[in-house]
2 protein chains.
Amino acid sequence: MAQDRRPAGRSERRVPGERKPREERWAQLLEVATQVFYEKGYEGASLQDIADRLGMLKGSLYYYIQSKEDLLFEVISEVHREGYAVVRTAAATGGDPLERLERTIRAHVEHACRNLVPTAVFLHELESLPAARRDAILGAGHAYQGVFRDLVAEAQRDGLARPDVDPRVAGLSILGSTNWVYRWFRPDGPSTPEEIGVQLAAMAVHGVATADALAARVAAVGA
Amino acid sequence: MAQDRRPAGRSERRVPGERKPREERWAQLLEVATQVFYEKGYEGASLQDIADRLGMLKGSLYYYIQSKEDLLFEVISEVHREGYAVVRTAAATGGDPLERLERTIRAHVEHACRNLVPTAVFLHELESLPAARRDAILGAGHAYQGVFRDLVAEAQRDGLARPDVDPRVAGLSILGSTNWVYRWFRPDGPSTPEEIGVQLAAMAVHGVATADALAARVAAVGA
DNA sequence: GGGCACCTACCGAACGTATGGTGGTCGGCG
DNA sequence: CGCCGACCACCATACGTTCGGTAGGTGCCC
């Protein structure tokens, strides 16, 4: 390139720029990278953009990373680990399968709403990674979608979900409706994350439950 | 650049390449561009890639387009127009709101399954367009999502949908679950487009309908 | 019916710029 | 002093875009 971008002015000896301890800078780098990938997409984003926002030169980034792709991998890994932990926890704690399904959906939605930008990067740029690294993140069996599928299947075994529901498709349907949220949720919009979580969970539960199970739920709440 | 890519071989006088009439080439260009955008993403795709597959030099593409962005715009416009037409038609034909909702979802899903690649490009690369052109395609009011929202709202007015359902969120939930399909549907997978459509439609209808409306549906089918 | 004008569909080559990445350097803090 | 954190200069490559040129075709006029 012609020359790396300078903050301003001629080539007087550059001001040294802030020095920060490694860990702090690393966290800041992940944050900035996430934001830039969000705004421009992985391919559209340049290391120059990221370096600019950190107030350093792009060459200096290689003190922290080995390649641009590594950076994306790191960003996406972190997002996925967090989200998966949230969902696993919600799905594992007590209650009948329908209760756990409802709680899991709400947790998932609220987490996505509160982490809009990372979530968007995850869902958008996962495919920008080579298949091997993608699989390393998702786990061999696409564990994420398995959580919802298994909850539906379990509800079905307990007679709480309609027998004509295909648990696999139902799980994917739920994953779709919840993973779509990042596209339309706005923090200053008409609905809070909690409200949205409640709505989506209610729709999903009604979507798969038997009439009896639903009636029993109403009775339990009324009691 | 070093030199435009050749089909093969040394620099013997280039074979002239097929000449085709304008309309035919234009259709082929749109098709190839869709495929390449699908495989590499808009930013990741190069005009060189597209030209190679058409058997022409990248400079020659400018006989047909004004810019790379124009090409994306054209591709996405076409996909959206088709999909919107399908959904509008399904939503407009007769029946009570729940029946129309079901039919519309099934039509939408089947159409997406049968047009996987264009659908994926539409959903992935819409944001690669500048806001103005995006709005030009979607229409000011995001008409697409409005179709589902309106059907739910209508059902609600007729007492067929539960009053605690937020039609806006419900519409977006449906759009999410159906627009997610392109991520997991495989033509050689275990479910046909029709089966998936039926499943998703059933879940959505059960998700919003009142117990009475559902009971009435069952009775009607039984009769 | 032959020549001339003009169009179509594409070639070939270049331009300017940006990109991911490398390697050597160097001030300051502990 | 040593090393951390960053600077700086520099590749090689790839990209979108532009532009002049040209072989083949079509229609028209004499």
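Residue numbering restarts at 1 for every chain, and letters A, B, ... go by the order of the sequence lines.
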### Task
Examine C:dG21: is either OP1 or OP2 under 4.0 Å from a nitrogen or oxygen in the side chain of A:Tyr62? Give yes or no.
yes
### Task
Report the distance from atom NZ of A:Lys68 to atom P of C:dT22, rounded to the nearest whole Å.
15 Å
#### Entry: Under-4.0 Å salt bridge between B:Arg114 and B:Glu194
yes
### Task
Classify the side chain of A:Lys58 versus the base of C:dG20 as yes if they form a donor-acceptor pair under 3.5 Å and no if they do not.
yes
Ignoring hydrogens and angles, write down the donor-acceptor pairs under 3.5 Å from the side chains of residues 72-88 of chain A, residues two or more places apart or on other chains.
{"unit_1": "A:Ser77", "atom_1": "OG", "unit_2": "A:Phe73", "atom_2": "O", "d": "3.0"}
{"unit_1": "A:His80", "atom_1": "ND1", "unit_2": "A:Ile137", "atom_2": "O", "d": "3.4"}
{"unit_1": "A:Glu82", "atom_1": "OE1", "unit_2": "A:His111", "atom_2": "NE2", "d": "3.3"}

### Query
Does any donor atom in the side chain of A:Glu195 or A:Gln199 lie under 3.5 Å from an acceptor atom in the other side chain?
no
### Task
Provide, to the nearest angstrom, the distance between the CG atom belonging to B:Leu57 and the P atom belonging to D:dG16.
15 Å
### Message
Taking 4.0 Å as the cut-off, does a side-chain nitrogen or oxygen of B:Arg25 come that near to OP1 or OP2 on C:dT8?
### Response
no
### Query
Expressed in angstrom and rounded to an integer, what is the separation of B:Tyr42 atom OH from D:dC15 atom C1'?
12 Å
### Message
From CH2 of B:Trp26 over to P of C:dT8, roughly how many Å is that when rounded to an integer?
### Response
16 Å
### Query
B:Ala51 near the nucleic acid: base, sugar-phosphate alone, or nothing, with a heavy-atom cut-off under 4.0 Å?
nothing
### Query
Given atom CD of A:Glu69 and atom C1' of C:dG21, what is their separation to the nearest angstrom?
14 Å
### Message
It should be established whether B:Tyr63 places a side-chain nitrogen or oxygen under 4.0 Å from OP1 or OP2 of nucleotide C:dA9.
### Response
yes
### Message
With a cut-off of less than 4.0 Å, is there a side-chain N or O of A:Ser60 near OP1 or OP2 of D:dG5?
### Response
no
## Note on the structure
Here the distance between atom C1' of D:dC7 and atom CG of A:Leu54, to the nearest Å, is 15 Å
### Query
Are the side chain of B:Asp49 and the backbone N or O of B:Ser46 linked by a donor-acceptor pair below 3.5 Å?
yes
### Query
Could you state the CD1-C1' distance from B:Ile50 to D:dT17, rounded to the nearest angstrom?
14 Å
### Query
Regarding A:Gln35 and A:Glu31, is there a side-chain donor-to-acceptor distance under 3.5 Å anywhere?
no
### Query
B:Leu47 has a side chain; which of D:dG16, D:dG5, C:dC10 sits nearest to it?
D:dG16
### Task
Find the distance A:Leu29:CG to D:dG5:P and express it as a whole number of Å.
13 Å
